[in-house]
Amino acid sequence: MRHQVCIIGGGPSGLLLCLLLRRAGIDAVVLEQRSRDYVLARIRAGVLEQGLVDILRAAGVGQRLDAEGFVHDGTLIVAHGQRVHIDFKALTGKSVTIYGQTEVTRDLYDALEAMGAPVLHEAEGVTIHGAKGDAPFVTFRHQGQDKRIDCDYIAGCDGFHGVSRRTIPERLRRQFEHVYPFGWLGILSHTAPLQHELVYAGHERGFALCSMRNAGLSRHYLQVPLTDRVEDWSDEAFWKELRRRLPPELAEQLATGPSIEKSIAPLRSFISEPMSWGRLFLAGDAAHIVPPTGAKGLNLAASDVWYLSQALIAQYQGDEAPLAGYSAQALARVWKASRFSWSMTRMLHSFPAEGAFLARMQGAEVEYLAGSVAAQTALAENYVGLPY
Ligand code: APR
Ligand code: PHB
């Protein structure tokens with residue numbers, strides 16, 4: 001088999017890249033190791049920057065998003081006795097859209113299917129060959145047969161645990177990692193969202209977040225020690241703890257009910273440089289991970305994919321500069337968004353091991369935020385997304 005671009009990984013990065021390339025007439029194929037149902041069962045954040053919304057619309061997958069997504073013009077931060085409303089719209093002229101990543105993925109699958117794009121699920125043992133030369137190819141096993149795809153370029157969109165990043169020789173990779181000493185316990189429930197906007201709560205007992213998927217589906221999180229296990233958290237214990245971390249007037253309004261999903265995720269910041277090697281280009285979680293505070297994971301994947309799609313399109317038109325500059329261009333935005341995710345995490349979580357000094361610094365930071373339009377603008381412009 002021969003295709004122009006072989007995309008490894010059928011998460012949001014790989015699917016969006018495939019769609020953008022095929023819309024531009026480039027023959028791309030996606031190899032995904034899991035089944036479609038497995039990919040669609042993963043629950044991830046659901047805050048889309050304007051930039052991503054614009055890309056999805058331009059790629060022809062904006063209809064359901066426009067009909068079902070919620071536009072949020074701000075968010076509420078409650079911490080250290082302060083209640084700070086960040087008015088994105090007034091401060092930056094922009095908003096974010098609440099629409100689950102799972103729904104984005106579903107829309108991408110549907111669009112690819114409608115155009116007959118090849119998305120091969122349950123591709124096993126995907127291996128990259130010759131990425132440094134002129135004739136790269138990918139081998140794998142699919143439906144009981146050994147297969148090979150020859151291509152011009154390979155896009156590594158296979159997430160943090162994928163094979164693509166590891167194909168780049170270790171001596172050429174620089175990896176930067178920061179592991180946070182806690183995780184997020186998340187539950188999904190058929191309950192009304194706490195407020196019409198997201199509520200980020202910093203509390204001495206730990207961080208909490210009240211988010212949503214739609215008018216009848218809420219997503220809530222609690223900061224928990226990494227030693228906690230999901231089985232140890234009954235729904236009742238979760239709601240009780242969440243109430244304790246909210247100011248009384250919000251705790252009173254919290255609608256509770258049985259969870260339909262419950263999981264614990266560790267928090268990490270991770271960046272691997274460079275994001276390209278020969279004819280292999282990394283995008284999304286394959287190259288970087290952010291902690292969920294600020295919901296940048298999917299949005300960063302989208303900016304990578306946007307840069308990469310434009311660079312590949314230019315390459316096929318004879319302009320080689322954008323592809324040569326892809327890694328540096330993507331990393332510049334990755335570092336800024338990682339800084340924002342790290343600083344939001346740092347401001348709102350409790351770090352008991354770091355003592356009273358940090359807690360006071362966090363208090364001072366929130367107080368500064370409450371009283372400074374400049375500080376609120378800085379938070380807002382990062383939250384709605386830095387320009388591409
Ligand atoms: N071969 C083929 N596919 C693979 C392989 C492999 N060896 N390894 C992993 N994959 C697939 C995974 O099964 C997954 O479907 O690659 C996909 C990667 O998807 P994500 O992990 O969702 O990463 P990405 O598409 O970059 O999306 C980034 O989604 O994962 C969230 O937090 C992340 O919000 C961020 C965004
Ligand atoms: C979510 O809805 O899952 C979510 C929202 C905002 C975040 C993180 C997660 O910062």
Side-chain angles (χ1 to χ4, degrees), residues 6-18 29-49 52 70 72 75 77 96 98-102 104-105 108-109 119-128 138-142 154-167 184 186-188 193 197-201 207-214 217-221 261 263 265 267-268 270 275 282-305 308 337 340-341 344-345 348 383:
C6 183
I7 299 170
I8 302 174
S13 300
L15 298 174
L16 180 60
L17 180 63
C18 187
V29 59
V30 176
L31 304 181
E32 164 59 49
Q33 71 175 0
R34 304 286 192 173
S35 69
R36 179 180 166 137
D37 287 347
Y38 182 96
V39 173
L40 285 173
R42 290 193 290 233
I43 298 179
R44 301 269 165 81
V47 180
L48 314 190
E49 295 174 355
L52 172 51
F70 287 113
H72 280 195
T75 192
I77 296 180
V96 294
I98 304 301
Y99 188 68
Q101 179 171 317
T102 312
V104 174
T105 310
L108 290 168
Y109 270 138
V119 179
L120 278 56
H121 281 100
E122 297 174 62
E124 295 163 24
V126 171
T127 310
I128 296 170
V138 176
T139 55
F140 57 102
R141 227 180 136 68
H142 188 238
I154 298 167
C157 300
D158 48 354
F160 183 67
H161 300 287
V163 293
S164 300
R165 183 181 64 255
R166 281 177 264 270
T167 300
W184 275 20
I187 69 165
L188 194 65
E197 293 173 349
L198 271 56
V199 179
Y200 288 86
F207 170 80
L209 169 61
C210 301
S211 181
M212 65 196 73
R213 290 293 172 273
N214 59 48
L217 193 59
S218 295
R219 181 80 170 148
H220 296 285
Y221 297 96
E261 193 268 352
S263 52
L267 271 70
R268 114 179 45 229
F270 171 84
M275 284 174 60
L282 306 181
D285 278 17
H288 42 75
I289 299 285
V290 287
T293 334
K296 289 291 164 225
L298 175 62
N299 293 297
L300 261 191
S303 55
D304 288 353
V305 163
L308 183 54
F340 173 66
S341 308
M344 279 272 281
T345 305
L348 294 172
Y383 198 99

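When a residue number appears, it is its place in the shown sequence, counting from 1. Read the numbers this way: they start at 1 and go in the same order the structure lists the ligands and their atoms.
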4.5 Å side-chain heavy-atom contact, [X] and [Y]:
| X | Y | result |
| --- | --- | --- |
| Asp304 | His288 | yes |
| Thr293 | Trp184 | yes |
| Leu198 | Ile98 | yes |
| Arg42 | Gln101 | no |

Nearest option to [atom], as decided by whichever heavy atom of [options] sits closest:
| atom | options | result |
| --- | --- | --- |
| atom 4 (C) of ligand 2 | Ala265, Gly186, Ala45, Pro292 | Ala45 |
| atom 12 (C) of ligand 1 | Glu122, Glu32, Arg34 | Glu32 |
| atom 22 (O) of ligand 1 | Lys296, Arg44, His161, Arg166 | Arg44 |

With respect to [X], determine whether any N or O atom, backbone or side chain, lies less than 3.5 Å from an N or O atom of ligand 2.
| X | result |
| --- | --- |
| Arg44 | no |
| Trp184 | no |
| Tyr383 | no |
| Leu198 | no |
| Ser211 | yes |

List ligand 2 atoms under 4.0 Å from [X], heavy atoms only on the residue side.
| X | value |
| --- | --- |
| Arg219 | 3 (O) |
| Tyr221 | 1 (C), 3 (O), 4 (C), 9 (C) |
| Val47 | 5 (C), 6 (C) |
| Gly294 | 10 (O) |
| Arg213 | 1 (C), 2 (O), 3 (O) |
| Tyr200 | 6 (C), 7 (C), 10 (O) |

As an exercise, state the distance from [atom1] of [X] to [atom2] of [Y], rounded to the nearest 0.5 Å.
| X | Y | atom1 | atom2 | value |
| --- | --- | --- | --- | --- |
| Arg165 | Asp285 | CZ | CG | 9.5 Å |
| Phe70 | Leu48 | CZ | CG | 13.0 Å |
| Ile77 | Met344 | CD1 | CE | 5.0 Å |
| Leu308 | Ser13 | CG | OG | 10.0 Å |

Query raised in the report: Taking non-hydrogen atoms only, is Ile98 closer than 4.0 angstrom to ligand 2 via side chain, backbone, both or neither?
Result: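 Neither part.
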Does some non-hydrogen atom of [X] fall short of 4.0 Å from ligand 1?
| X | result |
| --- | --- |
| Glu124 | no |
| Pro12 | yes |
| Cys157 | yes |

**Report entry** ligand 1 contact on Asp285 by region, counting heavy-atom pairs under 4.0 Å
**Finding:**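 Both of them.
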Requested in this report: Give me the ring orientation class for Phe270 and Phe160: parallel if the planes are under 30° apart, tilted from 30 to 60°, perpendicular past 60°.
Outcome: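 Ring orientation, 0 to 90° scale: perpendicular.
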Query raised in the report: In the protein, which heavy atom is nearest to atom 6 (C) of ligand 1, and how far is it?
Result: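 Nearest protein contact, heavy atoms only, for atom 6 (C) of ligand 1 is Gln33 OE1, 3.6 Å.
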Requested in this report: Determine the sole option in Val30, Val119, Leu16 for which the side chain to side chain contact (heavy atoms under 4.5 Å, CB included) test with Leu108 is passed.
Outcome: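 Of the listed residues Val30, Val119, Leu16, the side chain to side chain contact (heavy atoms under 4.5 Å, CB included) partner of Leu108 is Leu16.
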Backbone or side chain, does any N or O of [X] fall under 3.5 Å from an N or O of ligand 1?
| X | value |
| --- | --- |
| Gly159 | no |
| Ser13 | yes |
| Phe160 | no |

Report task. Step by step, work out the ring-ring contact (aromatic ring centres under 6.0 Å, His included) result for Tyr383 and His72. Result -> CA-CA 11 Å; Tyr383 198 99; His72 280 195; 9.5 Å; no
